[in-house]
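Since this is a predicted model, take the numbers as computed values, not measurements. Every chain is numbered from 1 and lettered A, B, ... according to where its sequence line falls, protein lines coming before strand lines.
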Amino acid sequence: MSFICRFAPSPTGPLHIGGVRTALFNWLLAKKNKGKFYLRIEDTDKERSKEEYIKQIIESLAWIGIKHDEKEYIQSKNIKKHKEIAEELLKKGFAYKCYCSEEEIKQQKEKCKKQGIPYIYNRKWRDPKNLDIPKDIKPVIRFKSKISGDVKIKDLVQGEINISNSIIEDFVILRQDGSPTYQLSAVVDDHEMKITHVIRGDDHKINTFKQIQIYEVMKWEIPKFAHIPLIHSDKGSKLSKRDMASTIGDYIKKGILADALRNYLLRLGWAYKDKEIFTLKESIDLFDLKGVGKSPSKLDLTRILSINEHYIKHIEEKELFKLLKDFAQKFRKSIDPSKENAVLQSMSFLKNKAKTLDDIYCNSEYIIKDNIELLPDDEKLLDPPAKKIISEFLEKFNKIDVPNKEKLEEIINNLIKKHNTNFKGVGQPLRIALVGSRFGPGIYNIILSLTKDEVIKRISKIN
RNA sequence: GGUCCCAUCGUCUAACGGUUAGGACAGAUGGUUUUCAAUCAUCUAAUCGGGGUUCGAUUCCCCGUGGGACCGCCA
């Protein structure tokens, strides 16, 4: 059995993480079934479609590792075909011209609203026997939808869904300006692309009932459908473009790794036993629509962070450094080539306290920056006794040829004894002098990650 | 409002009709450590309510309740 699926976003706004998950599910299934995954840009809304969003969509998918087969389809390029099908439907009597003015439709809607009944187009022009065709109105073409009976679809995620045909209106397939609408274009393209599985958000469920009617009258093979539950914001409603951290870019900026986000999205609405971490191969092998839940799930940033932390800890350090370098260049300050090696060598402990690339960057700043600035609160901690301790440290440190942990330990332990203090008493002022902050990596790690001269320089500056 | 869908810890979710309802994240506590963190151990925490069916319901059915999606010449 062949498996051809697609992801079909409209470039009317930036792609958000819910769309990315839909794409991921499609792609995973295509890989698993050795099928095809296409990307189709649905740009039939000329007003709102923007080139920049097409770019953003493609880049988002690429970043997370989703590669579509062949070149992306641009829906507007196939408009001619869509129109042909509309004409064919018209000719065969499956569609009709509707001469209602926009004003007339608007009034209808208002009337319904007042009466508290749901609006559905009144099918006025479905049977135009006694109507005069107005000369000043260009018609739209509506599909002649079934009026009676009911339909049942077998959804691969939701199971059987029943709906009465009477609630499906005669939807527009060709606008007044002659351009095709989504309902038509999507079906024609899915047919032409030989799509076997339409896997999309729950919000498309009603469209399926409209669209299968077009397949039926055209005698086209109907694909299988799966409607996956939507991702909700922490407020509990459909994720929108206005929600914080909704696009891939938002996560890149935070320093989230592609693998971590992929893993998070995979587990959102889907589970495989108690498994939490999936390699790419595992997700392809194990992912299945049967495991997809029916209820929507909320976005949880702390969980993304914790998965990210896991990946940061397990990824190879060289690889992590490359990501850090790239991140710093894009969102912070480029790491000077002369500092690269020191940072790379220190990855093992710089990454330990980090949930994001940005955290690692912050941990690394004392290496990256030539001048360290003290925060006023920290500066206060460098009182005369503290300064005395670090100047004594400097004296001893100076005498070491090659610093190592044992020697440093010896010096520090002696100072602790001599000044009758604890580790904090010595470590804290030293850390402030070297890093400019009370927080940071372990003191031995810090000292050994800097050159001897640099340590001397920074401590000398304090006194 | 109409139509459709959904409902297990705060969150993501496991559980052929039979489990002390499991795991993960978050939270709490304690140990360790070199501050923050990390780490280890422990703990808190859920089947929306009511009826059925059944020897036995988280699981099946019905009714409530709650949440969501859709209701465009957007996609």
Practice task
Take atom CD of A:Glu52 as the centre, draw a 6.0 Å sphere, and report whether it contains more than 12 heavy atoms from other residues, nucleotides or ligands.
Solution key: yes
Practice task
Would you check, one step at a time, whether the test ring-ring contact (aromatic ring centres under 6.0 Å, His included) holds for A:His204 with A:Tyr182?
Solution key: CA-CA 11 Å; A:His204 280 285; A:Tyr182 161 77; 5.6 Å; yes
Handout entry: Donor + acceptor pair across side chains of A:Ser10, A:Arg48 (<3.5 Å)
Key = no
Exercise for the section: Measure from the ring center of A:Trp27 to the ring center of A:Phe287 and say whether it is less than 6.0 Å. Expected result: no
Problem - d(NE2, A:His310; C1', B:rU39) in whole Å - result: 14 Å
Fill in the blank from the handout: Quick tally for nucleotides 1-20 of chain B: nucleotides whose base has a protein heavy atom under 4.0 Å get B, sugar-phosphate-only ones S, the rest -, giving BSSSSSS---SBSS------
Side-chain donor-acceptor contacts of residues 101-109 of chain A below 3.5 Å, not counting sequence neighbours, with atom names and distances?
| unit_1 | atom_1 | unit_2 | atom_2 | d |
| --- | --- | --- | --- | --- |
| A:Ser101 | OG | A:Glu104 | N | 3.0 |
| A:Glu104 | OE2 | A:Lys124 | NZ | 2.5 |
| A:Gln108 | OE1 | A:Asn122 | ND2 | 3.4 |

Exercise for the section: For A:Glu47, report the nucleic acid contact type (base, sugar-phosphate, nothing); a contact means any heavy atom under 4.0 Å. Expected result: nothing
Practice task
With P as the reference atom in both, quote the distance from B:rU58 to B:rC40 in angstrom, rounded to an integer.
Solution key: 35 Å
Completion exercise
Atom CD1 of A:Ile231 and atom P of B:rA69 are separated, to the nearest Å, by 13 Å
Handout entry: Watson-Crick or G-U wobble partner of B:rU65, both distances under 3.5 Å
Key = B:rA7
Problem - Atom-to-atom span, NZ of A:Lys238 to C1' of B:rC74 - whole angstrom - result: 10 Å
Problem - Whole-Å P distance, B:rC63 and B:rG27 - result: 42 Å
Problem - Span that lies between the P atom of B:rU8 and that of B:rC12, in whole angstrom - result: 8 Å
Completion exercise
When rounded to whole Å, the NZ to P distance for the pair A:Lys275 and B:rA24 reads 14 Å
Exercise for the section: Assert yes or no for the condition that the ring centre distance of A:Phe143 to A:Phe94 is strictly below 6.0 Å. Expected result: no
Practice task
With C1' as the reference atom in both, quote the distance from B:rC73 to B:rG67 in angstrom, rounded to an integer.
Solution key: 32 Å
Exercise for the section: Report yes if at least one side-chain N or O of A:Arg200 is closer than 4.0 Å to OP1 or OP2 of B:rA69; otherwise report no. Expected result: no
Handout entry: Residue closer to the 5' end of RNA chain B, A:Arg142 versus A:Tyr444 (nearest nucleotide)
Key = A:Tyr444
Practice task
Say whether A:Glu392 and A:His419, considering side chains only, have a donor N or O and an acceptor N or O under 3.5 Å apart.
Solution key: yes
Exercise for the section: Specify the separation, in whole Å, of atom NE2 of A:His82 and atom P of B:rA75. Expected result: 11 Å
Handout entry: Donor-acceptor side-chain pairing of A:Asp202 and A:His227 below 3.5 angstrom
Key = no
Handout entry: Distance, rounded to the nearest Å, where A:His204 contributes NE2 and B:rA75 contributes P
Key = 11 Å
Every protein N/O within reach of nucleotides 27-33 of chain B N/O, cut-off under 3.5 Å:
none

Problem - Close residues, residues 418-428 of chain A, relative to RNA chain B [heavy-atom separation under 4.0 Å] - result: A:Phe423
Exercise for the section: Consider only side-chain N and O atoms of A:Asp177 and A:Ser179, and report whether a donor and an acceptor are under 3.5 Å apart. Expected result: yes
Problem - Nucleotide opposite B:rU29 in a Watson-Crick or G-U pair, distances under 3.5 Å - result: B:rA41
Exercise for the section: Tell me, yes or no, whether the heavy-atom count around A:Lys275 atom NZ, taken from other residues, nucleotides or ligands under 6.0 Å, exceeds 12. Expected result: yes
Exercise for the section: Any strand is fair game: report the nucleotide pairing with B:rG17 by Watson-Crick or G-U wobble, both distances under 3.5 Å, or none. Expected result: none
Handout entry: C1' atoms of B:rG18 and B:rG56, separation to the nearest Å
Key = 7 Å
Completion exercise
Any strand, both distances under 3.5 Å, Watson-Crick or G-U wobble: B:rC73 pairs with none
Handout entry: Per A:Thr44 side chain, nearest of listed nucleotides B:rG72, B:rA69, B:rA75
Key = B:rA75
Handout entry: Cation-pi check, A:Arg332 onto A:Phe327 ring (under 6.0 Å, within 45° of axis)
Key = no
Handout entry: A:Trp125 ring center within less than 6.0 Å of A:Tyr96 ring center
Key = no
Exercise for the section: Please indicate yes or no: is the ring centre of A:His232 less than 5.5 Å from the centre of the six-membered base ring of B:rG68, with the two planes inclined by under 30 degrees? Expected result: no
Handout entry: Minimum-distance pair of heavy atoms, taken over all atoms of A:Ile173 and A:Leu89
Key = CD1-CD1, 3.8 Å
Handout entry: Same-atom distance (C1') from B:rA46 to B:rU19, integer angstrom
Key = 15 Å
Problem - Donor + acceptor pair across side chains of A:Thr247, A:His16 (<3.5 Å) - result: no
Short heteroatom pairs, N/O only, protein and nucleotides 36-38 of chain B, under 3.5 Å:
| unit_1 | atom_1 | unit_2 | atom_2 | d |
| --- | --- | --- | --- | --- |
| B:rC36 | N3 | A:Lys353 | NZ | 2.9 |
| B:rC36 | N4 | A:Lys353 | NZ | 2.7 |
| B:rA38 | O3' | A:Lys313 | NZ | 3.2 |

Exercise for the section: Ignoring hydrogens and angles, answer whether the base of B:rA75 and the side-chain atoms of A:Asn207 contain a donor-acceptor pair closer than 3.5 Å. Expected result: yes
Problem - Summary of side-chain hydrogen bond (donor to acceptor under 3.5 Å, both in side chains) pairs that have at least one residue in residues 255-266 of chain A, sequence neighbours excluded - result: A:Asp259-A:Arg262, A:Asn263-A:Tyr311
Exercise for the section: Measure from the ring center of A:Phe37 to the ring center of A:His197 and say whether it is less than 6.0 Å. Expected result: no
Exercise for the section: Between B:rA69 and B:rG50, how far apart are the C1' atoms? Round to whole Å, please. Expected result: 27 Å
Practice task
For A:Val140, answer base if it contacts any base atom (sugar-phosphate contacts may also be present), sugar-phosphate if it contacts only those atoms, and nothing otherwise; contact means non-hydrogen atoms under 4.0 Å.
Solution key: base
Handout entry: Whole-Å P distance, B:rA24 and B:rA7
Key = 24 Å
